[in-house]
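Quantities reported herein were computed from a predicted structural model and do not represent experimental measurements. Values below: all heavy atoms of this structure, side chains included; hydrogens, waters and symmetry mates excluded.
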Amino acid sequence: MQRVLSGYPKQYAKSCAFSAKGLEVIVGEERGMYFVRIQRRPDKCGWAPGTVLGFDEFELYAVSPEGKVLARYPYHP
């Protein structure tokens, strides 16, 4: 989550939509490997449900049981 937050432009630092509150983390497990998706959720900041801020931006990581990031799906429009 810190990596995602650090990638946002500095001028948006005080905006809820670009803060930890405006992000959602989803963790799944398959055969001992964890998959972590971090996506923006502007509705958590009072925006209308289903609001999309220009594009569907998310980060997807494969993580070992020890917490080491093994891979990152390079999606970023």
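- Hydrophobic clustering of Ile, Leu, Val, Met, Phe, Trp and Tyr side chains at less than 4.5 Å, counting indirect connections, unites Tyr61 with Tyr8.
- In the hydrophobic clustering of this structure, Val4 does not group with Phe35; members are Ile, Leu, Val, Met, Phe, Trp, Tyr whose side-chain heavy atoms approach within less than 4.5 Å, directly or through other members.
- Other residues, nucleotides and ligands contribute at most 12 non-hydrogen atoms within 6.0 Å of the CD atom of Gln2.
- By the criterion of side-chain heavy atoms lying less than 4.5 angstrom apart, applied directly or through intervening Ile, Leu, Val, Met, Phe, Trp or Tyr residues, Tyr12 is grouped together with Leu5 in one hydrophobic cluster.
- Nearest heavy-atom pair across Gly32 and Pro65 is O-CG, 3.0 Å.
- Listed for the Glu30 side chain is no donor-acceptor partner under 3.5 Å among the backbone atoms of Met33.
- Among all heavy-atom pairs drawn from Arg41 and Glu24, the shortest one is NH1-OE2, 2.7 Å.
- For the pair Leu70 and Val63, the minimum side-chain heavy-atom distance is 4.5 Å or more.
- In this structure, Cys45 and Gly22 approach most closely via the heavy-atom pair SG-CA, 3.8 Å.
- Stacking of Arg40 on the aromatic ring of Phe18 is recorded, both the 6.0 Å distance cut-off and the 45° axial limit being met.
- A continuous path of Ile, Leu, Val, Met, Phe, Trp and Tyr side chains, each step under 4.5 Å between heavy atoms, connects Val69 with Tyr34, placing both in one hydrophobic cluster.
- To the nearest 0.5 angstrom, Ser15 atom OG is 11.0 Å from Lys21 atom NZ.
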query = After noting the C-alpha distance and the side-chain angles of Glu59 and Arg72, does the key distance pass the salt bridge (charged side-chain N to carboxylate O under 4.0 Å, His left out) rule?
reply = CA-CA 7 Å; Glu59 298 278 337; Arg72 175 183 170 270; 2.6 Å; yes
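- Contact check for Val25 versus Val36: side-chain heavy atoms found under the 4.5 Å cut-off.
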